[in-house]
Amino acid sequence: MNEKGMSAFSFQNEAWQRFSNGYSGMVVAPTGFGKTYSIFLAVIIDFFNHPQNYKSGLKLIWVTPLRSLAKDLARAMQEAIDEIGLDWVVEVRNGDTDFKQKMRQTKNMPDILLVTPESLHLLLAQKEHQRFFKNLQCVAIDEWHELLSTKRGVMVELALAALKFENSKIKIWGITATIGNLDQALEVLIPDATKRTKVVAKEQKKIEILSVYPPEVEILPWAGHLGGKLVQEVVPIILNSKSTLIFTNTRSQSEMWYQLLLEAYPDFAGQIALHHSSIDANLRQWVEENLSSGLLKAVVSTSSLDLGVDFKPVDTVIQIGSSKGVARFMQRAGRSGHSPFETSKIYFVPTHSLELIEASALKEAVRLRIIEHREPFVLAFDVLVQFLVTLALGGGFYPDQFFPVIKNTYAFSEMTKDEWKWCIYFITQGGKTGKNYEEFHKVVPQVDGKLIVEKRKIGMLHRMNIGAIVSDSMLRVKFLSGGYVGMIEEYFISKLHKGDKFILAGRVLEYAMLKEMTVYVKSSSGKAITPSWLGGRLPLSSNLSFFLRKKLAESLSPNAREKELRFLHPLLANQNKFSHIPKEDEFLVEQIKTREGYHLFFYPFEGRLVHEVMAGLLAYRISKLYPISFSMAMNDYGFELFSDREIKLSEKDLHQILSKENLMQDVISSVNATEMARRKFRDIAVISGMVVQTMPGRQVNNKSLQSSSGIIFSVLEDYDPENLLLRQAYTEVFNQQLEEARFVRAFERISTSKIVYIFSDRFTPLSFPIKVDSLRQSLSSEDLATRIRKMQENNLKKKSRKE
DNA sequence: GACCTGCTGCGGCGTG
């Protein structure tokens, strides 16, 4: 604020004025513009304007998705309050808070409390929690866009509904970065339309995107995703900056880049560090602190540093490989540039040639500010039944009284009365199959109809398992001499023998033994393998897909002035010469005959996930025309159906298999939906409390988690097919795994496109990366190298024959 | 000439 008491940006004034007028709402602004501060300030100003509303006890609850954000924020808030001379106390309450502190808070709440969604639920699980919220004025939800499309977002919705039920005066304020569906985000957060407002900053952060090029186009590989060839171009960028964040897409990629940088410039030793989710929390914290203190020159990270560096600005950001989405790219870019008026600079390092088209697509999407939607999660019954037990534990509730409260949330607005009754049946009787098992009868109706948890043990187990995050299957990695390094996948370690060396957290470790879910290691040096983790796949967003197709279509036009496209010209000309470059209203299919057999390539540019389903569907549809089976491969741009038998497919057949008729029926016939649902059910079983993940003193390991949830799944399939949680598993498969909506849209687009069907006897720049990917899945790396060499030789031979 | 893959996040035993 300046001396007149006005804030730097008009949206900040707008926010506190609306706040003081009794509105709930949502503030939208880029990182670094003080949107967080604006709500904090609104509460303080409101206090001075309406002191009679502010009685003793908790006044403001601040919800953040990250514990690390809470700590910095609490400090900043307390400092500001002390400066004003107010006697308010700001405290954090989450998993990091020690027991004594929690006890003190339970007795005597601070004025402002910073929590996670989980710890807010834990507060609601306490008896007589109403006393905490009696004088509460406002609940602020920070980084709402991060929570919106997740089950943790549903937790927030439910907690807010319960708080509003107890104290209707509470104002709800969300704080969010820009996303495509802001109005919907507001509606989800504040379903009640009266006195609801959206405050959007007019200011935008300027973003400059700089592609990094090799000296010549030939150096960039056609396929691949490591990008190691460009390390010599990256070193000077780091050297010319004070502090640099280097974002990679996967944990193993970050480990490899850390090594690459050290090899390319050994003086980086001690000046650069690594940060990802499988590295020990203490080590990560050290890295974060030393990045802001200036001790570290660069940190290689995954999206573990997407959030949480608000107070630790850096001057340069480098993105290795495609970010797969516009919002993520902008968020990462926003990590650089100290002041809101400074331009955020982000260097884009392509890992293969075609990724330069993604760079040009990103540039246009960022210029037009076309940012992805975040779809709100709806009808997560696993989260609901967990929450109902939480309420029963926190003093109890009357089902008839609470039905409209839950129904009023966005997530459960479509819930029927029968579904609600089923949820009550589930928490009291365990559903149809739980009748004879007392541990599923968690909640007991009292004479007056109130539902409560009676048993102490059930309450304790429930509190220990509150939350919507189900842990991955990981083993701890520890030094024999003591000291924790990080986490590693069980299957990766199973391939290792005593004495083998691997890399974690940038250190070379020698495998000593495996004992009780812990891998013991010795410090070592020399050549070592980099582990891989089975994490989630970053799907290519449909926004980026759209611009990617557009840029590719324009790539050879004389108007294409972008440097990225000009640079790629030789490669694109090659694609055009031997096959075709699809225009925006075209859909390219290539049939390529090689010594191995027959390859059919399709290029929807819809991302791996969608392609996986499409490949299965098309293989199924072709096999209905005549008996043939295929192996499949895919990347973000397209997919391959391969057979050693000739693929007889006319242009008319092609139209038929690409038709949108009976689309979802055929998808269901072509995928193993039961198996997919079984995998989804694992999380649902844990969240709904059918399977207990954490027992006092121990964590249930993944194998037994998988098997017990698998057994329950089979039992329900046989004896209780109407079970709501079982049905939810199938719905999640369709919404997330199969991305039904996007899938249907893709087919609608294809069906109105002109199909271009090309025959070739050599791999094209578009098909080559998919082929390499398919080989990698089936072959060891030495075999792969030989095969790739053969493929090159074949392509070259054909080339010389033609010329 | 072309290779080395899959993200993130939370919580909890115990007392007065």
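For the OP1/OP2 pair of B/dG11 and a distance below 4.0 Å, the side-chain nitrogens and oxygens of A/T116 include at least one atom meeting the criterion. Contact annotation: A/R284 side-chain N/O to B/dG9 OP1/OP2 distance is under 4.0 Å. Contact annotation: A/S119 side-chain N/O to B/dG11 OP1/OP2 distance is under 4.0 Å. Not one side-chain nitrogen or oxygen of A/K151 sits closer than 4.0 Å to the OP1 or OP2 atom of B/dC10.
Using modelled atom types, one finds a donor on one side chain and an acceptor on the other under 3.5 Å when comparing A/Q575 with A/E590.
For A/L122, the listed nucleotide lying nearest its side chain is B/dG12; candidates were B/dC4, B/dG12, B/dG16. Side-chain atoms of A/H225 lie closest to B/dC4 of the nucleotides B/dC10, B/dC4, B/dC13. Of the candidates B/dG6, B/dC10, B/dG14, B/dG14 carries the atom nearest the A/M460 side chain, counting heavy atoms from C-beta on. In this structure, of B/dG12, B/dG16, B/dC7, it is B/dC7 that holds the atom nearest to the side chain of A/T302. Nearest nucleotide to the A/R608 side chain, out of B/dG16, B/dT5, B/dC13: B/dT5.
Residues A/K229 and A/R332 both approach DNA chain B. Their nearest nucleotides, taken by heavy-atom distance, put A/K229 toward the 5′ side. Of the two residues near DNA chain B, A/D636 and A/V115, the one whose nearest nucleotide lies more 5' is A/D636.
With its ring centre under 5.5 Å from that of the base six-membered ring and a plane angle below 30°, A/F768 counts as stacked on B/dA2. Here A/H276 does not lie in a stacked arrangement on the base of B/dC7, lacking the combination of planes under 30° and ring centres under 5.5 Å apart.
Among the atoms of the strands shown, none is found under 4.0 Å from any heavy atom of A/T530. Note on A/L538: a base of the nucleic acid sits closer than 4.0 angstrom, heavy atoms only. Note on A/N94: only backbone sugar-phosphate atoms sit closer than 4.0 angstrom, heavy atoms only; bases stay farther off.
Considering only residues two or more places apart in sequence or on other chains, A/K455 meets the salt bridge (charged side-chain N to carboxylate O under 4.0 Å, His left out) condition with A/E438. Annotation: salt bridge (charged side-chain N to carboxylate O under 4.0 Å, His left out) contacts of A/R152 (sequence neighbours excluded): A/E118. Shown here are the salt bridge (charged side-chain N to carboxylate O under 4.0 Å, His left out) partners of A/D500, two or more places apart in sequence or in another chain: there are none. Looking at residues two or more places apart in sequence or on another chain, you find no ring pair (Phe, Tyr, Trp, His ring centres under 6.0 Å) involving A/H145. Applying the salt bridge (charged side-chain N to carboxylate O under 4.0 Å, His left out) rule to A/E255 yields no partners; only residues at least two apart in sequence or on another chain are considered.
Against DNA chain B, the stretch residues 247-254 of chain A makes heavy-atom approaches under 4.0 Å through A/N249, A/T250, A/R251, A/S252.
Annotation: cation-pi geometry satisfied between A/K771 and A/F642 (NZ/CZ under 6.0 angstrom from ring centroid, within 45° of ring axis).
Side-chain atoms of A/S303 and base atoms of B/dC7 include a donor and an acceptor less than 3.5 Å apart.
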